[in-house]
Amino acid sequence: MSSVKLWIGAVGAESAGLAWLLLAPTAPVALAGYLPLHALASAAAAVAAGRLLPRPYRQPRRWVWASLFGFNFFVPVIGLAATLIGVAGGHLLPLLLAPRVFGEVPRPQFTAAGDEGVARRRGTAARAQLMNPQAPQASRVEALLAVGAAGTPATGGLLRELLADANDEVRLLAYGLLDRREKEISAALARNRRLLALAEEIDDRADAREICGRIAQLYWELVYQDLASGDTARYALEQTLVFAERARGDDAGDGARWLLIARAHLRRRDLAAAEHALRQAAACRLPRRSVLPYLAELRFAQRRYDEVRRSLLELGGRPGSETLAAMQQYWVA
């Protein structure tokens, strides 16, 4: 039997069922006469529609027919009409039912010119470009990508300033860069906390101290890179001190831990504790050159400017270090 005859039979059986509903004397009689005719119409429509579907959509045939029958049977009249319209539309507009395939495009050609352009915009030039709202958007985005690639702690504050930028693309890109850095550190913190729990579970004190040192450094990076502010920054500094002390343990000669403790106290403006930690760091085998910059910062916060000058002069200048030389000249003048 052809699909057209099946459709005619389905429409005829449904029409007969509806006529019986209208002419039957009682509701039970009407329902008893309508349901067989409606089931016959639904089955005929399911078979006819299944035959007209594209070949990839006909398998598995039994389940396709069962789905179409259920749709037509449980949605009287409307289901039959929808099935008929769908099949007719599928043949009139074959693209609607044609299987979607992916096209192949040629591989793009990449050059290093873009990277060179990004690399040229660094430091002060990139900051000036970013903070100029009149600059072209493409140039600002390029400078922002260069800043994000640099990854230096000084860029955290700049990215945070750009969160209030009027340009949507610059603002969203700055947020994405900050969020990526924060998520990287947060993931490393979660991983090291799990390792610490395992080390404590097996009572491996040496590994636990080493892991505590890494956790302290990660918390410090949140503050140092300006990824945390307000209460979050205060919490990060507290955790830095807690885990740095745990990493140091009873080893009073751990100069690197003392220096981290001093830096955290300096950021908290706890100058007395910072001075004690710096003295302990200097008493250890830590190179004095590593302690002097923070000692100068401490003396400046204490308004002991003569000692700031002495610290900078003792620090000395490296060959070709014009920035440090200029800073020394300023402080010793």
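Bear in mind the structure is a predicted one, so any value in this text is a computation, not a measurement.
When all heavy atoms of L266 and Y294 are compared, the closest pair comes out as CD1-O, 3.9 Å. For A296 against S311, the heavy-atom pair with the smallest separation is CB-CB, 4.0 Å. Scanning both residues, A216 and A244, for their nearest heavy atoms gives CB-N, 3.5 Å. In terms of heavy-atom proximity, A233 sits nearest to V223 at O-CG2, 3.8 Å. Between V308 and F300, the shortest heavy-atom contact is CG2-N, 3.3 Å. Looking at every heavy atom in both residues, R209 comes nearest to A247 through NE-O, 3.0 Å.
Considering R309, R304, R303 as possible partners of D306, the one that fulfils the salt bridge (Lys or Arg N to Asp or Glu O under 4.0 Å) test is R309.
Going from atom CG of L237 over to atom CZ of R263 covers 11.5 Å, rounded to the nearest 0.5 Å. The NE2 atom of H265 sits 10.0 Å away from atom CG of L278, with the distance rounded to the nearest 0.5 Å. Note that CG of L172 is 11.0 Å distant from CG of L177, once rounded to the nearest 0.5 Å. To the nearest 0.5 angstrom, R310 atom CZ is 12.0 Å from L292 atom CG. To the nearest 0.5 Å, atom CG of residue L195 and atom CD1 of residue I215 are 8.5 Å apart. Considering CZ of R194 and CD1 of I211, their distance stands at 11.5 Å, rounded to 0.5 Å.
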Check the pair L189 / L222 against side chain to side chain contact (heavy atoms under 4.5 Å, CB included), numbers first and verdict last. CA-CA 11 Å; L189 277 171; L222 284 174; 4.1 Å; yes
Stepwise side chain to side chain contact (heavy atoms under 4.5 Å, CB included) test for D203 and R205: CA-CA 6 Å; D203 197 23; R205 297 184 181 181; 3.7 Å; yes
Please report the C-alpha distance between E238 and R268 in whole Å, then the side-chain angles of each, then the deciding distance to 0.1 Å, and finally whether the side chain to side chain contact (heavy atoms under 4.5 Å, CB included) criterion is met. CA-CA 9 Å; E238 290 174 1; R268 296 179 71 186; 4.3 Å; yes
Evaluation steps, side chain to side chain contact (heavy atoms under 4.5 Å, CB included), between H276 and W258: CA-CA 9 Å; H276 171 71; W258 279 117; 4.1 Å; yes
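By the side chain to side chain donor-acceptor pair (under 3.5 Å) test, D179 is found to be paired with K183, residues two or more places apart in sequence or in another chain being considered. Partners of R246 by side chain to side chain donor-acceptor pair (under 3.5 Å), not counting sequence neighbours, listed by chain and number: E200. Taking the side chain to side chain donor-acceptor pair (under 3.5 Å) definition, one finds that D231 meets it with R234, sequence neighbours left out.
Residues Q302 and E307 bring no donor and acceptor atom of their side chains to less than 3.5 Å of each other. When only modelled atom types and interatomic distance are considered, R214 and Q217 share no side-chain donor-acceptor pair under 3.5 Å.
Between Y235 and Y219, the ring planes lie perpendicular to each other; the angle is over 60°, past the 30° to 60° tilted range.
With respect to R248 and E245, a salt bridge is recorded, a charged nitrogen being found less than 4.0 Å from a carboxylate O.
Summarising the local packing, CZ of R279 is surrounded by 12 or fewer heavy atoms from other residues, nucleotides or ligands at distances under 6.0 Å.
Under the 4.5 Å side-chain contact rule for hydrophobic residues, L178 and Y175 share a cluster. Note on L218: it does not cluster hydrophobically with L198, by side-chain heavy-atom contacts below 4.5 Å among ILVMFWY residues.
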